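Right, one structure below, let's go through it.
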Amino acid sequence: MTAFIQIATQSFRALAWAVCLALPPASLPGQTIPHPGAVRLALQNADARAPRPKSVIELQGLRASQSALSRDGTRLTLTSLNPHANGWFLLEIEHPGRQPETYHLENPAPLTRDVSLSDDPAPAILLTEGQAQIKCRPWAVATPELSDARASGLPFAPLCDGRLYLRNPISGARTNLERTAEFLRDNLWFGESLVGLVKDTLYKDRYLASGQVLAGADPGAVDRLMGRAALRDFPVMYTTMTFDLVGATPKRMEMGAWYAIGGAPGIYASALQPRMIAPEILRRRGEANGLDGIEGRADVYLVAFDMTHFDIGYETGTEHPRLDWSSRPSGPGRNWSLPGPDGFDTARPLATVGMINPEEARRVAATFTGGFKRDHGAFRFGPMARFNNGHHYGFVVHGTVLSSLQPDLSTLYVLDDGTIGMKTWTEADNALLPQIRFARQNGVPIIERDTATGRGVVGPLVRQWGAGNWSGSANADLRTLRAGACMKTAAGRTFLIYGWFSTATPSAMARTFQAYGCDYAMLLDMNALEHTYMALYTPGKAGGLDTSHLVAGMSRIDEKSRDGRPIPRFIGFPDNRDFFYLMRKEPPR
């Protein structure tokens with residue numbers, strides 16, 4: 001196997017040289033040989049894709065490094081993990097006669113602030129914003145800012161007057177349910193089956209909500225921008241949302257209608273029970289399974305974001321998703337010579353902190369949990385389990401690939417110009433990687449675009465539990481709490497919609513997203529409130545943030561300060577789970 005890896009690596013390198021040497025002269029005016037930078041990038045990309053043990057840094061085919069030597073013999077190396085994203089950097093310090101030190105830095109202003117090493121006799125970090133330049137030497141003995149930041153233990157420790165942050169490794173919060181499940185999985189050989197038994201029995205339909213239908217009730221002020229869902233009727237229903245609706249109340253919402261949320265411009269809420277979906281959608285044959293009586297009357301809550309007003313980011317948790325192997329692939333679906341599907345099983349020397357940095361927290365508008373843990377984020381059954389290492393779900397943070405994006409998987413991504421998209425990834429889409437700022441994959445599509453009509457149609461694997469890796473029973477009849485996301489265009493605007501399904505199968509999710517006119521939809525996470533958490537944030541009257549949860553019970557997941565005030569998850573303390581966050585756009589300076 002080692003010989004095979006060496007041969008494969010040599011082949012990748014040979015291909016990289018061939019690609020570089022084949023560049024047409026027009027691409028490099030006045031040159032007949034490849035540009036050194038092009039050669040370096042091609043070799044890095046070839047090594048990143050080679051099936052061999054490597055570090056997470058070696059996976060970054062776009063990385064660029066600068067080195068400098070100070071008068072005392074200290075060598076400094078600053079690596080931008082993705083110069084296009086301009087977000088994450090690795091600073092390595094080699095003092096004579098001492099062990100090298102490595103620091104993970106984050107640039108909180110990647111669109112306006114450049115980070116580099118100066119070429120002075122006394123090297124410094126050079127921060128450039130427009131015409132202004134600031135030099136910073138946080139490693140200097142006289143002002144040991146870097147060592148103090150490491151010793152602070154803060155998830156984000158400010159450096160250079162707050163213009164950079166040191167990301168420190170830290171433990172994230174987790175609930176008792178998560179602790180118990182992880183203990184069983186990690187310490188008992190039959191732990192996974194025991195956790196499955198608990199989900200199939202004690203937790204089945206645990207979060208089922210079926211709001212009362214209120215005959216003749218006043219639905220309040222329905223917002224007209226996004227229209228109504230395609231339902232057979234529009235009764236008024238009782239919900240347990242905690243949002244402050246404009247001209248209405250969560251206790252009286254018209255099914256399928258959208259309501260503006262008070263204090264949160266550009267954010268809208270809706271609710272329905274799938275049994276009210278229009279018959280012409282529910283009765284389409286050969287697409288999805290029919291809905292049973294329980295999921296038909298189960299409450300579904302949705303929140304829509306007009307992306308004209310928001311930026312979106314993604315952050316991994318302190319623990320999840322991990323980077324080692326899922327236990328699901330086996331046989332030809334797993335390369336046993338590697339510690340993980342990308343050649344490593346840890347993010348070190350990078351720090352995963354499970355919260356957003358203080359600069360982004362200043363304008364945060366909403367958060368919601370991400371996708372499956374690593375152990376569930378690969379295929380056990382079906383064609384995709386038998387090749388490509390079982391198709392482990394990929395994710396990218398600040399342009400840094402922590403897990404490679406895999407073809408045929410649903411992908412929510414953000415480009416460096418702020419464009420948000422959702423699609424089934426292809427090999428050709430890897431050309432987008434230089435522009436990818438954030439991305440998260442989670443299974444196969446619930447809804448995908450019909451190329452002929454542009455309409456959203458049910459994904460081909462929605463009815464196939466094993467091949468679709470939906471999690472649940474092999475009988476395809478297990479309902480559970482689920483969350484998903486979809487994209488929709490209305491009134492010429494792009495909307496991201498988060499959906500919370502109190503108990504549902506993928507078929508119920510598909511029919512709901514179709515009724516709301518989504519053109520692409522994907523699964524996020526499932527089974528517990530902490531895995532389907534969603535919260536909105538508005539400015540508090542006494543300063544700080546006021547938090548509103550999609551479901552009242554989610555407030556118990558937030559921590560409390562000593563005086564009893566809530567501390568919002570993902571913002572006020574690190575969490576072990578990954579999450580998306582939306583921030584209000586700021587006017588150009």
Side-chain angles (χ1 to χ4, degrees), residues 219-229 239-254 256-272 299-314 355-356 359-369 412 414 418 420 483-491 493-500 516 518 524 532-555 557-558 565-572 579-587:
V222 175
D223 191 274
R224 306 297 179 184
L225 174 66
M226 297 180 63
R228 285 180 168 87
T239 80
T240 60
M241 291 185 192
T242 69
F243 301 148
D244 179 18
L245 304 182
V246 175
T249 169
K251 296 180 180 180
R252 286 174 171 79
M253 295 179 69
E254 180 181 277
W258 288 102
Y259 294 83
I261 297 177
I267 307 180
Y268 307 86
S270 187
L272 88 163
D299 288 352
V300 178
Y301 300 159
L302 302 101
V303 181
F305 301 91
D306 180 351
M307 297 308 296
T308 305
H309 302 287
F310 300 98
D311 297 319
I312 185 170
Y314 167 78
M355 63 185 297
I356 64 177
E359 182 69 18
E360 292 173 324
R362 182 177 55 83
R363 56 190 182 102
V364 67
T367 59
F368 57 87
T369 43
L412 175 56
V414 184
I420 179 175
C486 83
M487 299 294 294
K488 172 186 171 73
T489 301
R493 303 184 185 188
T494 298
F495 289 84
L496 171 66
I497 299 177
Y498 178 86
W500 182 86
Y516 276 92
C518 298
L524 292 175
T532 58
Y533 176 96
M534 190 270 164
L536 297 182
Y537 311 101
T538 53
K541 295 180 180 178
L545 292 175
D546 286 341
T547 305
S548 301
H549 298 91
L550 181 57
V551 177
M554 294 175 179
S555 64
I557 300 167
D558 292 350
R565 291 184 298 174
I567 303 175
R569 186 185 189 190
F570 306 131
I571 300 173
F579 64 98
F580 289 93
Y581 55 99
L582 289 102
M583 301 167 290
R584 292 207 168 271
K585 290 184 177 179
E586 295 183 320

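Source: prediction; values computed, not measured. Basis for what follows: all heavy atoms, side chains included, without hydrogens, waters or symmetry-related copies.
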**OP:** Show the numbers, then the answer: is there a side-chain contact (heavy atoms from CB on, under 4.5 Å) between Met253 and Leu245?
**Re:** CA-CA 10 Å; Met253 295 179 69; Leu245 304 182; 3.9 Å; yes

**OP:** Output, in order, the C-alpha distance, side-chain angles, deciding distance and verdict of side-chain contact (heavy atoms from CB on, under 4.5 Å) for Leu412 and Phe580.
**Re:** CA-CA 10 Å; Leu412 175 56; Phe580 289 93; 3.5 Å; yes

Original post:
Hey, mind stepping through Asp311 and Arg363 against side-chain contact (heavy atoms from CB on, under 4.5 Å) and telling me if it holds?
Top reply: CA-CA 10 Å; Asp311 297 319; Arg363 56 190 182 102; 3.0 Å; yes

Original post:
For Ile267 and Phe243, what are the C-alpha separation, side-chain angles and deciding distance, and is it a side-chain contact (heavy atoms from CB on, under 4.5 Å)?
Top reply: CA-CA 11 Å; Ile267 307 180; Phe243 301 148; over 6 Å; no

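At distances below 3.5 Å, not a single donor-acceptor pair connects side-chain atoms of Arg228 with backbone N or O atoms of Gly256. Panel note: side chain Thr538, backbone Ala264; no donor-acceptor pair is recorded below 3.5 Å. A distance-only check finds a donor-acceptor pair linking the side chain of Thr239 to the backbone of Pro250 [under 3.5 Å].
Here CD1 of Ile312 is found 8.5 Å from CE of Met583. Values are rounded to the nearest 0.5 Å. Atom CE of Met226 sits about 10.0 Å away from atom OG1 of Thr489, to the nearest 0.5 Å. Once rounded to the nearest 0.5 Å, the distance linking OG1 of Thr532 with CG of Leu524 reads 10.0 Å. Atom CE of Met307 is separated from atom OG1 of Thr494 by 8.5 Å, given to the nearest 0.5 angstrom. Note that CD1 of Ile356 is 11.0 Å distant from CZ of Arg362, once rounded to the nearest 0.5 Å.
Of all heavy-atom pairs spanning Arg569 and Asp558, the tightest one is N-OD1, 3.3 Å. Nearest heavy-atom pair, Met241 versus Ala271, reported as atom, atom and distance to 0.1 Å: CE-CB, 4.2 Å. Looking at every heavy atom in both residues, Ala535 comes nearest to Thr547 through CB-CG2, 3.9 Å. When all heavy atoms are compared, the tightest approach of Ile497 to Cys518 is CD1-SG, 4.3 Å. Taking each heavy atom of Tyr259 and Arg252 in turn, the nearest pair found is OH-O, 4.2 Å. Nearest heavy atoms, Arg493 versus His309: NH1-NE2, 4.3 Å.
Judged as a ring pair (Phe, Tyr, Trp, His ring centres under 6.0 Å), and not counting sequence neighbours, the contacts of Phe579 are Phe570, Tyr581. The ring pair (Phe, Tyr, Trp, His ring centres under 6.0 Å) search around Tyr537 returns none, not counting sequence neighbours. Among residues two or more places apart in sequence or in another chain, the side-chain hydrogen bond (donor to acceptor under 3.5 Å, both in side chains) test is passed with Tyr498 by none.
Checked options Ile567, Leu536, Val364; the residue passing with Leu545 is Val364 (criterion: side chain to side chain contact (heavy atoms under 4.5 Å, CB included)).
Here the side chains of Trp258 and Leu302 are in contact, with some heavy-atom distance below 4.5 Å. A 4.5 Å side-chain heavy-atom check between Ile420 and Met487 finds at least one atom pair inside the cut-off. The side-chain heavy atoms of Phe310 and Arg584, taken from C-beta on, include a pair separated by under 4.5 Å. Contact check for Leu225 versus Phe495: side-chain heavy atoms found under the 4.5 Å cut-off.
In Lys585, the NZ atom is crowded: over 12 heavy atoms of neighbouring residues, nucleotides or ligands sit closer than 6.0 Å.
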